[in-house]
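Heavy-atom basis, side chains included; hydrogens, waters and symmetry copies ignored. Every number for a ligand or one of its atoms is a count from 1 in the order of the listing.
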Amino acid sequence: MILNAFNLEGKVALITGCNTGLGQGMALGLAQAGCDIIGVNRSGPDDTQAQVEALGRRFYSIDADLTDTGCVTRVVEEAVQAFGRLDILVNNAGIIRRADAIEFSEQDWDDVMNINSKTVFFLSQAVARQFIHQGQGGKIINIASMLSFQGGIRVPSYTASKSAVMGLTRLMANEWAKHNINVNAIAPGYMATNNTEQLRSDEERNQEILGRIPAGRWGKPDDMSGPVVFLASSAADYVNGYTLAVDGGWLAR
Ligand code: NAP
């Protein structure tokens with residue numbers, strides 16, 4: 001039956017940055033679909049752990065600052081030690097820095113590129129090695145952005161990093177499909193989280209953005225649940241290298 005293909009019972013999902021925002025929404029969606037969750041956070045899991053456990057799933061917390069790829073090997077080793085295997089990786093943790101391009105600093109370039117692109121690649125590489133070792137394939141889901149498709153304004157390193165995420169998603173899919181590894185991305189539209197607090201509190205920008213979203217509202221963390229469960233499940237086995245917009249229709253305008 002088709003609905004069984006969406007069932008993730010017994011799968012282990014590692015999610016970066018799941019203490020809040022979209023990461024928390026996806027952790028809860030995956031847990032509802034049956035996953036045990038390994039949360040990788042720099043500041044503890046907050047209430048995500050309690051919410052996952054209330055759904056009857058296990059949650060294991062790993063502390064790591066993903067600005068630096070030095071933690072990647074330890075994160076994967078600790079995850080495998082905790083729950084014995086890995087089936088799904090969601091590369092969600094990310095940051096944004098806003099300043100006019102004409103005066104954008106090298107620090108704001110490096111900080112954003114390191115976590116949003118470099119760590120995404122090297123954590124994916126380490127998890128893909130584990131998937132290959134296990135011999136049963138796996139699913140990698142990267143979090144892209146509207147700025148994987150568009151230029152944006154005042155966010156040069158964010159645009160560069162999220163454009164890189166869409167390209168790397170394709171590259172990793174091309175190389176690892178032969179190991180039954182699917183690598184896809186979700187490009188969220190304008191979602192109400194800490195990441196967009198500055199935009200939402202600027203009434204003029206808020207109205208400009210809302211006026212362009214066909215759905216007429218900002219997205220919510222739980223708008224990510226269905227898409228992430230689909231891409232993590234065997235229902236999406238023949239979907240590979242694709243970036244799925246979850247944007248209330250923004251890109252259709
Ligand atoms: P958020 O609420 O700011 O959450 C970002 C998450 O990343 C938090 O858990 C944060 O942890 C974690 N993180 C940041 N730097 C980290 C580091 N160095 N090491 C480990 N974890 C780190 O933002 P969000 O909107 O949910 O963003 C989640 C993802 O979606 C990001 O990749 C973002 O670029 C992307 N996205 C968001 C939107 C949107 O409209 N909100 C649109 C497109 C794409 P702390 O709480 O410890 O900082």
Side-chain angles (χ1 to χ4, degrees), residues 14-29 37-49 51 61-72 74-75 89-98 107-108 110-124 140-150 152 155 157-166 168-169 185-202 205-206 209-210 212-213 215 217-225 227-228 243-248 250-251:
L14 188 154
I15 310 179
T16 64
C18 67
N19 59 329
T20 181
L22 306 186
Q24 184 177 59
M26 291 188 285
L28 297 178
I37 305 291
I38 294 176
V40 180
N41 290 289
R42 65 177 163 181
S43 51
D46 293 347
D47 62 341
T48 306
Q49 173 153 11
Q51 291 194 53
S61 179
I62 298 178
D63 289 334
D65 183 340
L66 299 167
T67 315
D68 186 352
T69 53
C71 63
V72 159
R74 168 182 69 84
V75 165
L89 166 66
V90 182
N91 279 306
N92 167 75
I95 58 170
I96 193 162
R97 298 275 168 79
R98 300 178 198 276
Q107 188 72 54
D108 283 344
D110 288 342
D111 289 351
V112 172
M113 291 298 282
N114 279 342
I115 172 160
N116 290 15
S117 299
K118 186 175 177 184
T119 300
V120 166
F121 176 71
F122 285 101
L123 184 57
S124 300
I140 297 177
I141 297 143
N142 297 320
I143 303 307
S145 162
M146 293 297 95
L147 302 188
S148 305
F149 301 94
Q150 302 177 309
V155 286
S157 55
Y158 190 78
T159 301
S161 70
K162 294 297 186 177
S163 297
V165 163
M166 188 159 78
L168 286 170
T169 297
I186 297 174
Y190 285 80
M191 318 295 274
T193 67
N194 299 335
N195 175 294
T196 51
E197 206 171 330
Q198 219 176 315
L199 285 181
R200 283 176 293 118
S201 58
D202 176 340
R205 282 292 280 140
N206 186 38
I209 288 167
L210 271 180
R212 208 207 124 131
I213 303 174
R217 65 167 177 85
W218 287 75
K220 305 183 302 292
D222 71 6
D223 288 317
M224 301 288 283
S225 303
V228 78
T243 297
L244 173 67
V246 176
D247 65 350
W250 172 276
L251 286 179

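Residues satisfying the side-chain hydrogen bond (donor to acceptor under 3.5 Å, both in side chains) criterion with Arg212, sequence neighbours excluded, are absent altogether. Residues satisfying the side-chain hydrogen bond (donor to acceptor under 3.5 Å, both in side chains) test with Thr16, not counting sequence neighbours, are none. For Arg98, the side-chain hydrogen bond (donor to acceptor under 3.5 Å, both in side chains) test picks out no residue, with sequence neighbours left out.
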Note down each nitrogen or oxygen pair, ligand 1 side and protein side, whose separation is under 3.5 Å; give only atom names and the distance to 0.1 Å.
unit_1	atom_1	unit_2	atom_2	d
ligand 1	7 (O)	Gly94	N	3.4
ligand 1	9 (O)	Gly17	O	3.2
ligand 1	9 (O)	Asn19	OD1	2.4
ligand 1	15 (N)	Arg42	NH2	3.4
ligand 1	18 (N)	Asp65	OD1	2.7
ligand 1	18 (N)	Thr67	OG1	3.1
ligand 1	19 (N)	Leu66	N	2.9
ligand 1	25 (O)	Thr193	OG1	2.5
ligand 1	26 (O)	Leu22	N	2.8
ligand 1	32 (O)	Asn92	O	2.7
ligand 1	32 (O)	Lys162	NZ	2.9
ligand 1	34 (O)	Tyr158	OH	2.6
ligand 1	34 (O)	Lys162	NZ	3.2
ligand 1	36 (N)	Tyr158	OH	3.4
ligand 1	40 (O)	Gly189	O	3.3
ligand 1	40 (O)	Met191	N	2.8
ligand 1	40 (O)	Met191	O	3.4
ligand 1	41 (N)	Met191	O	3.4
ligand 1	41 (N)	Thr193	OG1	3.0
ligand 1	46 (O)	Asn19	ND2	2.9
ligand 1	47 (O)	Arg42	NE	3.1
ligand 1	47 (O)	Ser43	OG	2.6
ligand 1	48 (O)	Arg42	NE	3.3
ligand 1	48 (O)	Arg42	NH2	2.7

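Between Trp218 and Tyr190, the ring planes lie perpendicular to each other; the angle is over 60°, past the 30° to 60° tilted range.
None of Leu123, Thr119, Leu66, Asn116 except one satisfies the side chain to side chain contact (heavy atoms under 4.5 Å, CB included) rule with Asn91; the exception is Leu123.
Listed here is the closest heavy atom pair of Asp247 and Ile213: O-CG2, 4.0 Å.
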